[in-house]
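In what follows, a single structure is set out as structure tokens and then discussed.
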Amino acid sequence: MNARIALLGFSIECNRWAPVALLRDFETRCLLRGADIVTDARAASPSALGEMPGFVTTMDAAGPWTPCPIMLAMAEPNGPVDQTVFDGFMAEWRAGLEALRGACDGVYAVLHGAGLTTGLSDPEAALQALVREILGDVPFICGYDLHGNISAENVALNDAFVGYRTNPHVDMRPRGAEAAQLMLRMLAGERFIRAHRRLPIMAPTVSMLTAQGPYAEVINLGQARAAETPSIANVSVMGGFAYGDTPFNGMTIVVTGTEQQAADTLADELAQACWERRERFVARLTSIADALAGLAASPLPLAFADVADNPGGGGSGNTMEILRAFHAAAVQAAAFGCIIDAELAAEAHGLGVGATFTARFNRGGGDAFSKPFVAEAVVRALSDGQVTGRRGLYGGVAMNLGATAWLQIGGIAVVVISNRAQCADPAFFEHLGIDLTAMRAVVVKSRGHFRAGFDELFPHERVVEVDGPGLTSPIFQRFDWKHIPRPMLPLDAEAFWP
């Protein structure tokens with residue numbers, strides 16, 4: 001058919017309380033324009049996460065087509081995007097779409113669903129509306145992270161909705177491939193409808209794993225029902241991202257299919273299944289003191305997740321309380337990653353490998369949780385931070401951590417990086433020469449994606465989620481909510497589902 005398909009995307013998870021995201025945050029992660037989008041998608045180690053590579057390579061395999069790439073903007077999770085930056089993106093997307101007016105057969109957009117700008121609570125809907133304004137009723141398929149806060153517009157403005165099914169996220173490429181398959185069905189003349197239901201459940205991110213637990217059960221039920229129902233094309237159970245603090249927070253079911261009644265029936269069943277499990281969407285964390293006691297008593301190595309300071313959810317990546325406690329307890333054979341502190345990394349690079357110095361973390365200040373910490377350190381290794389992920393979320397993805405240093409502080413190997421990234425891949429340690437198999441304890445600033453990277457070392461039962469301070473604490477009572485609909489579980493006991 002040689003169909004002309006527009007390719008574009010805007011993917012960032014935004015924490016309402018985190019510092020504003022700037023253009024540099026996209027440039028250091030993945031900001032691709034024009035043909036570079038397709039070149040990157042076809043590369044062995046793309047800089048983009050897997051959705052666009054999955055879509056492009058599946059379309060390639062299906063036969064002749066003409067990709068019409070415009071711009072793909074992806075950044076590590078952060079605060080709301082500066083409005084002027086997003087306005088600039090919109091101008092580029094508009095120009096690219098205008099050039100395709102009347103000569104475009106379909107559109108694929110990589111979105112996230114938890115984006116914010118300093119002026120908008122739903123920038124994804126603004127981009128979707130722009131596509132419809134210029135290109136009209138062409139087949140339009142959007143991919144979403146399962147942590148998206150899904151508005152009615154997000155569902156209505158596209159033809160097929162494709163959300164992730166795994167958390168930790170390891171299915172981005174298959175979901176991109178699925179989007180391509182749905183696009184091929186639409187190009188052959190098929191048309192889809194959607195049904196969606198949103199519940200007053202704002203699930204803590206630590207309760208949304210898909211290997212086990214209530215969220216996994218609902219996702220598995222949806223996939224089983226889809227397999228039994230030929231008219232169902234996709235089932236997406238969207239857990240949401242609480243820290244977006246939007247008017248459309250809440251777990252959302254989106255069903256894409258060819259028959260409205262079947263889609264509505266399945267959406268109702270899955271919403272009811274979520275509601276029946278509502279009391280299980282809770283956070284159960286371990287205090288820092290209990291974490292240390294557990295390590296001392298454990299015959300096996302343990303992994304500790306600093307879930308409240310997860311850069312993958314907008315955390316600053318530089319809270320010191322767990323490191324401070326481990327250092328005070330003289331913990332040996334421990335690895336800690338990654339502290340985001342560009343000034344400290346630059347100082348280590350200036351001193352060189354082998355230097356002994358006084359490491360001053362957070363010397364320039366930070367948010368309310370980022371307290372200074374001072375300790376004697378030895379520079380053990382340095383790198384430019386150019387790393388290809390080995391497993392899980394970042395597996396096969398080219399990452400730029402910026403100037404990176406291994407600082408040895410007593411018995412703790414601390415990885416200090418310059419650019420935002422959550423510690424979700426063993427390669428962040430290994431590329432510096434740190435042997436994780438020799439460690440009694442590995443502490444990661446990550447909420448859950450580390451599980452898919454480190455599971456070869458630490459199965460589920462040897463992971464401890466630690467209750468520290470930070471912008472991504474799953475204890476929601478610690479936040480001043482302004483925009484979420486109320487009542488909302490777990491904040492309000494009176495929340496109900498009709």
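- Closest approach of Val235 to Gln223, counting heavy atoms only: O-NE2, 3.3 Å.
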Worked check of side chain to side chain contact (heavy atoms under 4.5 Å, CB included) between Arg33 and Glu92: CA-CA 9 Å; Arg33 295 177 168 92; Glu92 288 193 54; 2.7 Å; yes
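- Nearest heavy-atom pair, Leu184 versus Ala62, reported as atom, atom and distance to 0.1 Å: CD1-CB, 3.6 Å.
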If you apply the rule side-chain hydrogen bond (donor to acceptor under 3.5 Å, both in side chains), what do you find for Ser47 with Asp40, and how did you get there? CA-CA 7 Å; Ser47 62; Asp40 183 79; 2.9 Å; yes
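- Rounded to the nearest 0.5 Å, atoms CD1 (Ile253) and CZ (Arg198) are 12.0 Å apart.
- Two residues are said to be in side-chain contact when any heavy atoms from C-beta on lie closer than 4.5 Å; Phe281 and Met251 meet this criterion.
- Checked by atom type and distance alone, the side chain of Asp122 pairs as donor or acceptor with a backbone atom of Ala125 at under 3.5 Å.
- Of the possible polar contacts, one joining the Asp309 side chain to the Ser316 backbone as a donor-acceptor pair under 3.5 Å is found.
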Under the side chain to side chain contact (heavy atoms under 4.5 Å, CB included) criterion, do Asn167 and Arg447 qualify, and how do the steps go? CA-CA 10 Å; Asn167 183 31; Arg447 181 272 314 159; 3.1 Å; yes
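- In this structure, the side chain of Arg197 does not engage the main chain of Leu270 through any donor-acceptor pair within 3.5 Å.
- Between the side chains of Thr166 and Asp171, at least one donor N or O lies within less than 3.5 Å of an accepting N or O.
- In this model, no donor atom of one side chain and acceptor atom of the other lie less than 3.5 Å apart for Ser370 and Thr319.
- Remark: Phe26 engages Phe89 in a ring-ring contact (aromatic ring centres under 6.0 Å, His included) (not counting sequence neighbours).
- In this structure, the separation between SG on Cys274 and CH2 on Trp497 is 9.0 Å, given to the nearest 0.5 Å.
- Using modelled atom types, no side-chain atom of Arg4 and backbone atom of Asp105 make a donor-acceptor pair closer than 3.5 Å.
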Please test Asn419 against Arg24 for side-chain hydrogen bond (donor to acceptor under 3.5 Å, both in side chains), starting from the C-alpha separation and ending with a verdict. CA-CA 10 Å; Asn419 295 338; Arg24 179 182 179 277; 3.1 Å; yes
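- Thr66 and Asn2 form a side-chain donor-acceptor contact under 3.5 Å, judged by distance and modelled atom types alone.
- Between Glu51 atom CD and Tyr108 atom OH the span is 5.5 Å, to the nearest 0.5 Å.
- Leu489 places none of its side-chain heavy atoms less than 4.5 Å from the side chain of Met202.
- Taking the centre of each ring, Trp275 and Phe496 stay at or above the 6.0 Å mark.
- Annotation for Arg280: atom CZ counts as buried by contact number, over 12 foreign heavy atoms lying within 6.0 Å.
- A donor-acceptor contact closer than 3.5 angstrom links the side chains of Asn249 and Thr246.
- Leu491 places a side-chain heavy atom less than 4.5 Å from the side chain of Ile484.
- Side chains of Gln422 and Phe450 form no contact here, defined as non-hydrogen atoms less than 4.5 Å apart.
- Taking each heavy atom of Ala233 and Leu182 in turn, the nearest pair found is CB-CD2, 3.9 Å.
- Of the possible polar contacts, one joining the Asp245 side chain to the His483 backbone as a donor-acceptor pair under 3.5 Å is found.
- Between His169 and His147, the ring center distance clears the sub-6.0 Å criterion.
- At most 12 non-hydrogen atoms from other residues, nucleotides or ligands lie less than 6.0 angstrom from CD of Gln261.
- Arg420 contributes a side-chain N or O that, together with a main-chain N or O of Pro311, makes up a donor-acceptor pair within less than 3.5 Å.
- No side-chain donor from either of Asp268 and Gln272 sits under 3.5 Å from a side-chain acceptor of the other.
- The neighbour count for Arg284 CZ, taken as heavy atoms of other residues, nucleotides or ligands under 6.0 Å away, does not exceed 12.
- With contacts defined as side-chain heavy-atom distances shorter than 4.5 Å, the pair Val81/Leu116 does not qualify.
- In this structure, Thr229 OG1 and Leu266 CG are separated by 6.5 Å, a value rounded to the nearest 0.5 Å.
- Under the 6.0 Å cut-off for aromatic ring centres, Phe161 and Phe192 do not qualify, their centroids lying 6.0 Å or more apart.
- Between Phe10 and Phe86, the ring centre distance stays below 6.0 Å.
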Could you give me the CA-CA distance, side-chain angles and deciding distance for Arg451 and Glu465, then say whether salt bridge (charged side-chain N to carboxylate O under 4.0 Å, His left out) is met? CA-CA 11 Å; Arg451 290 175 181 269; Glu465 294 172 339; 2.9 Å; yes
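- Counting heavy atoms from C-beta outward, Pro469 and Arg478 have side chains that stay 4.5 Å or more apart.
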Which is it for Thr472 and Asn310 under the side-chain hydrogen bond (donor to acceptor under 3.5 Å, both in side chains) test, yes or no, and what are the steps along the way? CA-CA 6 Å; Thr472 60; Asn310 169 30; 5.1 Å; no
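- A donor-acceptor pair is defined here as one N or O able to donate and one able to accept, closer than 3.5 Å; no such pair exists between the side chain of Arg391 and the backbone of Asp425.
- Gln212 is listed as a side-chain neighbour of His460, based on a closest heavy-atom distance under 4.5 Å.
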Could you go through the side chain to side chain contact (heavy atoms under 4.5 Å, CB included) check for Val85 and Leu23 one step at a time? CA-CA 6 Å; Val85 172; Leu23 181 62; 4.2 Å; yes
Before you tell me yes or no, could you show the steps for Glu178 and Arg165 under salt bridge (charged side-chain N to carboxylate O under 4.0 Å, His left out), namely the whole-Å CA-CA distance, both residues' side-chain angles and the distance that decides it to 0.1 Å? CA-CA 12 Å; Glu178 180 182 5; Arg165 297 180 198 161; 3.3 Å; yes
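- Taking CE of Met186 as the reference point, atom CG of Asp159 lies at 3.5 Å (rounded to 0.5 Å).
- The main-chain N or O of Gly113 is found under 3.5 Å from a side-chain atom of Glu124 such that the two form a donor-acceptor pair.
- No hydrogens or angles considered: a donor-acceptor pair under 3.5 Å links the side chains of Asn154 and Ser151.
- With values rounded to the nearest 0.5 angstrom, Glu259 atom CD is found 4.0 Å from Ser231 atom OG.
- Here the shortest heavy-atom pairing between Ala495 and Met488 reads CB-N, 4.0 Å.
- Within 6.0 Å of atom CD in Glu133, more than 12 heavy atoms from other residues, nucleotides or ligands are found, so the atom counts as buried in its surroundings.
- For the pair Arg277 (side chain) and Gly213 (backbone), a donor-acceptor distance under 3.5 Å is absent.
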Do Leu8 and Leu127 pass the side chain to side chain contact (heavy atoms under 4.5 Å, CB included) test, and can you show the C-alpha distance, the side-chain angles, and the key distance before you say yes or no? CA-CA 10 Å; Leu8 64 157; Leu127 176 53; 3.6 Å; yes
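- The closest donor-acceptor contact from the side chain of Thr117 to the backbone of Gly119 lies under 3.5 Å.
- The aromatic ring centroids of Tyr243 and Trp17 lie 6.0 Å or more from each other.
- When side chains are defined from C-beta on, Asp306 does not count as touching Val444, because their heavy atoms never get closer than 4.5 Å.
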